[in-house]
**Q** 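Take this structure, written in structure tokens, and hold onto it; I'll ask about it next.
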Amino acid sequence: MTAPRRAAKAATLNFTFDGKAYRAVPGETLAAALLANGVKLVGRSFKYHRPRGIMTAGVEEPNALVTVGEGGRREPNTRATDVFVYDGLVARSQNRWPSLRFDFGSVFGLFSKALPAGFYYKTFFGSAKRWMIYEYFIRKAAGLGNAPTEADPDRFSHRAAFCDVLIVGGGPAGLQAAVEEAEAGKRVILVEQDAILGASLIRDPQTLDAGWVEATAARIRKAGGRILTRTSASGYWEHDLVTLTQLCVEPGQTAENRLAQRLWRVRAGRVILATGSIERPIAFANNDRPGIMLSQAVRTYIRRFGVVPGQRAIIATNNDDAYDTADALIAAGANVVAVLDARETASGRAAHAQAAGMTVHLGAVPKAAKGGRQGVTGLVASVAGATQSWAVDLIAVSGGFTPVVHLHQQAGGTLNWVEEAQAFVPGSSRQNVTTIGGAAKPEAVGVMRPISQPKKSFIDFQNDVTLADVDLAWAEGYRSVEHLKRYTTLGMATDQGKLGNMAALGRLAEQQGVSIPEAGLTTFRPPYTPVSMGLIAGPGAPHGGAHIRRLALYDLHAAKAPIWQPLGYWFRPRAYPQAGETLATAALREARAVRTSVGMTDVSTLAKFEITGPDAAAFLEIICATSVAKLAIGRGRYTFMLREDGLAFDDGTVWRLDENRYLLTSSTGGADRMATHISYVRQYLCPHLRVSAVNVQEHYAGIAIAGPRAKQVVEGLIGQDVPRHMSAIAASIHGLPVHVLAASYSGERAFEVYCSASEAPSIWAACEAAVLAQGGCLYGLEAMEFLRIEKGHLVVGGEIDGRLSPYDLGLEKMLNKAGGFIGAAGLGRPALRGKGRRQLVGLEAIEGNIPEGAMLLSAPNAAPQGHVSAAAFRVLEGGSIALGQLINGFDRHGEEMIAASPTRGQSARVRVTHPHFYDLAGERYRD
Amino acid sequence: MMQIACPHCGSRAQQEFMYERTVDSVVPLDAPTDKAMAALFTRTNPRGPDDEIWRHTYGCRAWMVVTRHRVTHEITAVRAVGPEVLP
Amino acid sequence: MSRYSAFSLLRGAFNGQSHWKPAWRHPDPKPHYDIIIIGGGGHGLATAYYLAKVHGLRNIAVLEKGWIGGGNTGRNTTIVRSNYRQDALHNFFEFGLKLWHGLSDDLNYNVMFSPRGALTLGHSDADMVTLAQRGDAMRCDGIDAELLTRDQVAKLEPLLDMSRTARFPIEGGLIQRRGGSARHDAVAWGYARGADSLGVDIIQKCEVTGFVRDGDAIVGVETTRGRIGAGRVGICVAGHSGHVAGLAGLRLPIESQTLQAMVTEGVKPMINTVIMTQALHCYISQSDKGGIVFGGDPDNWPSYAQRGNPMIMENAVAQGLALVPALSRLRMLRTWSGVTDMSFDGSPIIGETPLPNLYLNGGWCYGGFKATPASGWTYAHTLATGKPHPLNAPFSLDRFERGATIDETGSGPMPSSR
Amino acid sequence: MTEVAISRLPEAPLHVVEIWSNPQDVAQRFAAAMGFALPAMGLSASNDRLGLMRFEPSVWLAEGDVSGLADILAENGALTEIGGGVVRIRLSGAGWRALLMEAGVFDAEDPNFGPGCTAATLIDHVNVRLHVVAEDVCIAYVPASYSRALLHFWDEAGKTLTA
């Protein structure tokens, strides 16, 4: 039988590699296409910049890494064996300068004797700054490809899926399991990382009937099963959750619908792993040269792609499987000069080959490859103790098989050592996972000990880790396998040790004088193959997984082009500047309007809870640290809430709307936290209470109208008397129901109008017309900040910063004397009453403007004794004022201090005062 | 990422849930300072199973006690808490 | 101990690097030590090193359940900084940062401490005030901190999305130029080699299974390698503090949570500093090998599993990509997780326990790596003298019940704050 | 197979109905007055003027005319208006299930999740309540502040749906 040869005229796809144009046959990997075009040198290694070619035909490829794609789709470190050529593919070699053939970095190889594993721990001493100079060059030399510099133009999807059985691996075992489960009525998902199903059947098609793969796939689909190709199971997490990464287009390829990749999160009832195994290379000197290839990869290139990677081949093996490669090479017309079988006695397969006329050497172990960057030219081996050499252009190696146990181990499974296969296979697992096929039963192999020069025998190809490095780590006391891995960087390259780990373990076990399972094993962690960061982020990338929450009144604000301010997930108007105004001048104008006439602002984002039921007051007296029960119907009051440790964490107002109905407001930033707190107290601590606590934050929009003319404005709007300060009434505006609460944050006579958010735009428009008619204006958060600081009102996140108690905040008198509220016990901690607490103070500038956030010092260069939590200017008179926290601040009114901000080069002399700067008697918000 | 059997909704993804605290760190409303602070500020923190309070925050919003192994994350029991409810 | 130098490496070029001696011995435990440190991570090894070097003690053992540096020392994002707002914290970490700057020379082991700057981004004017406040607090205590404008940030990290329409617009940043990152394994190994050379016994594969008591007092430990007597015992097993203290009957203000991190495939230099942010939950740096190192929030529920959780990772990466969109086509290569000691105010615990002769070093939350030198130094002082060093005195175990917590973010009193 | 139409529905009166005591008595009074039983967890029930969906153990979401409900609840529960904060989005066509799997965590592809079923879950970080009203129609109840973001997400995701 002759293998099909790749027909040149079938090569219809154009691609380039390092700028040179080539053609590929549809369905070819980049590696196959490069081999078909005679390209042997594809990349450079990480440390010594050694020339490298194509070693494998799969995801385990350590050498043939290229950058594909352009612009924001550029993907560095793409395995040439794992990208299918598409028309227009642009590939570039990496980690070389100026070119792949003449790489300046290869001088590192010349110094390799002085650069053993961990060399960097032993040199480059001196100051940290000096290390940074060395490091600058090391970093430039390190790394592989270049990252894009632009944003990604494509989308990534996250998709959930649930199934009874997830089968990983579309080879014969996986297909058979999938069809059985699907036809038994199970919800089935079958995934295959390749573009086509079949796995080993693609390489060795003679083992099953032609058409079996397609027929089986059709049966699976007919039974309702889902088959995902070009999809890799990359992570096995808790409770049988498996993440799949699906390539919707090839790396670097433009997706017509903009979808580049899809991440599937599959929650499976059971998982069947049919992941097969990965062939191992053999350690011998210069075993990294282009033209040295895994035996099964050779077969794949011949039988799948019709590409014959060499004309004069030698095969080195310790198992029977590699004899199939000899057959495939011969069938493809290549010359197989010999099979070097490490086993001392001939297996049946070896004897059969010998009988068929093949040259087979038993007890034969390779020692060194000859050749350079353009490929191997020969091999030297030990044959039954004698050295022999051959001239060849291809060395096919098979050092045995490593079952792909990654997912099994990620699932928390144990591994068992199988001596005859020299391999770890899946053992038990606490999750619902089983392994079938080649991954569970790897082929028998002979034991093969490297006899070559350790310094040039590579085991981790990409990171240039040799047997000598393993030996050195052992000699220096790095004896645990984890120390070995970390000291030598073995297994830390982009192939994650898929090829080299077993060779290293074998060497370590030899050093320790123990068996391989006793030497230990490193843990496989997700992902099985590297996963694009864009895919991990998914559709959330542009907004960081945090959508902006939009105000009900957004369109009305936006029409006025305000300056926006982020506040948690919200964006709120900070000021509404008029022509020529800055933030500061606009905010001051707005604040002055509130002080002198009237202003209105959107307070819809405040947390709001409607508390209803016979036990509503009792419930509120648990949440709030102030008393609530005595509140008359239609009245409201300021309140604050404590954590269980007694420190204040939020504040707001509580209103008795009806006999058994209350409205509680609290801060915007703390809204979610408060919602959880209220639910915890209601559902967990107090399930017996007859109360309903409903989060109505989004149901009610809120409009605050404040200023000396606020009363006229609101009276006009509701057509009835306004409530007096800290009272609430139900009313209507233009026939729409509203609650009007008379509360003042600004220090002026003020009202908050609450209405259904869906009706808010028309109510806002009515209010705005009325406010403008009274000569007022809209105001934003910045003006609100000016007003509240001047009035000495607290803000959550500023003064209420999670570190102060109600004592520190001057709220002691408001505490519910009866106790019983959350935090009452925490208030009993002795240090909260001790000296040296930071306490709320006011600060008045004597000289200069007080920088917000500045430190409070008693003298220049003294240690800080507090800080400025919020700074503003007196709205009408001018003059810099602030609120702050100061050690023992209550006793220090009148003291002069410095408010210093060295990072901004600002400072002010200040006087410590009472934290109220405006209308101390509170006359302005009464009628 | 776990799957938690909500007593009200059935098996649901962990993203819908929020962890609150362990059952032994619940501070009773009437606890004196020393007992309250001991509950709040110390944990058994076992390398094994513990009773934890979780909330199905983005599902049915109910609270539950989840008995969960801290190393394997195996969940052996989930118990509903809260007011009496209809089936 | 064979001294490390460029010359000795060159010498190795001619002898096949055959002259190197083991970096530390593998001794059997003695029956009694003056001080036993439980835990052979960076902190425990640094403690042993400073006990020997600063306090002149020699009869010291470090007991390690597995292999040294195998816990959180080897499972972090290697960030080193002292940019805290609270004075107790920044003074402590600054002491450590000063030690970091001379550590490679002190240990004759290159820990690759690279002060390339710890940059915290601000995404609003309010963030910038918060950052200024933090910087001012540091500067007033003599610690370097510099407020950066938008333009300065853009120049420093050209791949940040500086557009005004970005979801998290960048208004500026705070940089601590003396902060940076280091090679985590080297820190454990360097301290181990240094301590060993001063006579400290580092005993691996030796798990503590119980405490030997004389009344309340601790006089030794039971281990998988037998009973070992001790004058003083220091627990130094952050991540597992609750478990080990539990062997002595103590309940701690600590909950163990998983913190995960990840690294991408290596690329040529693209991130220059350590990027953190005031409002988000991710931090980004680039390792010397070229991998982009990514960290996020802890899992926020108790766990001793050294495995991460995809949903936390997705959030961290989504935020990171919102900041640096060019990271999208890099591939995540490896994830790892550590078990962190989450304390109830976010600050560590170093000091005495209620039991005589037993001391605790733990509660490092997700900030333990950078503390390694300061933690070792102050814990050594505490163990040698029986009393805390002024720098760790505020971090006492009893501060929670007293009400003297040190809460940097104000989010207490639980690790999973609402 | 994967077609889906996405549209925003006009505002509807929505109330939270919470029962804090004697739920059996309330259920009896309710059934007697309304002609249908309070639905169990994960289900909905309705007459021609009022529909009730149960997403929470002791809370129902009432859509429509709630007159008379307060009397039925009496001292055992309460009614609270919340309609201003909720946007209803209609997903129709065979692809609605696949669409809900995008950035979702709930098994909307489960064939048992059919007409009359309800579920609350997270989709693209947004807390969404789902009500299947017909084999090919599902109504999502979305917090108003997130509704534009979610509509945008669904529009985008709808373009790349596969079975």
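Remember, it's a predicted structure, so these values are computed and weren't measured experimentally. A, B, ... follow the sequence lines: proteins, then strands. Residue 1 opens every chain.
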**Q** Which pairs with one or both residues in residues 235-255 of chain C pass ring-ring contact (aromatic ring centres under 6.0 Å, His included), sequence neighbours excluded?
**A** C/H240-C/Y304

**Q** Does anything in residues 50-62 of chain B get under 4.5 Å of chain C by heavy atoms, and if so which residues?
**A**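 Near chain C, by residue number: B/E52, B/W54.
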
**Q** Identify the heavy atoms of C/G239 and C/D341 that sit nearest to each other, and give their distance.
**A** N-OD1, 2.6 Å

**Q** Look at the side chain of C/R75 and the backbone N and O of C/S337, then say whether any donor-acceptor pair between them is shorter than 3.5 Å.
**A** yes

**Q** Could you walk me through whether B/D24 and B/T44 satisfy the side-chain hydrogen bond (donor to acceptor under 3.5 Å, both in side chains) test, starting with their C-alpha distance in whole Å, then the side-chain angles of each, then the deciding distance to 0.1 Å, before giving a yes or no?
**A** CA-CA 8 Å; B/D24 68 356; B/T44 311; 3.1 Å; yes

**Q** Apply side-chain hydrogen bond (donor to acceptor under 3.5 Å, both in side chains) to C/E255 and B/Y19, showing your working.
**A** CA-CA 13 Å; C/E255 198 161 83; B/Y19 168 71; 3.2 Å; yes

**Q** Between C/D407 (side chain) and C/G412 (backbone), is there a donor-acceptor pair under 3.5 Å?
**A** yes

**Q** With sequence neighbours left out, what residues match C/E64 under side chain to side chain contact (heavy atoms under 4.5 Å, CB included)?
**A** C/I68

**Q** Flag the one option from C/P253, C/G308, C/S241 with the top tally of heavy-atom pairs under 4.5 Å to chain B.
**A**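 Ranked by contacts with chain B, first place is C/P253.
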
**Q** Can you name the residues of residues 65-73 of chain B that have some heavy atom under 4.5 Å away from a heavy atom in chain C?
**A** B/R68, B/R70, B/V71, B/T72, B/H73

**Q** Determine the minimum heavy-atom distance between C/F294 and C/T77, stating which atoms define it.
**A** O-CG2, 4.0 Å

**Q** Around atom CZ of C/R227, are there more than 12 heavy atoms of other residues, nucleotides or ligands at under 6.0 Å?
**A** no

**Q** Name the region of C/L252, side chain, backbone, both or neither, that has any atom closer than 4.5 Å to a heavy atom of chain B.
**A** backbone

**Q** Might you point out which heavy atoms bring C/A188 and C/T73 nearest each other, and give the distance in Å?
**A**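 Looks like CB-CG2, 3.8 Å.
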
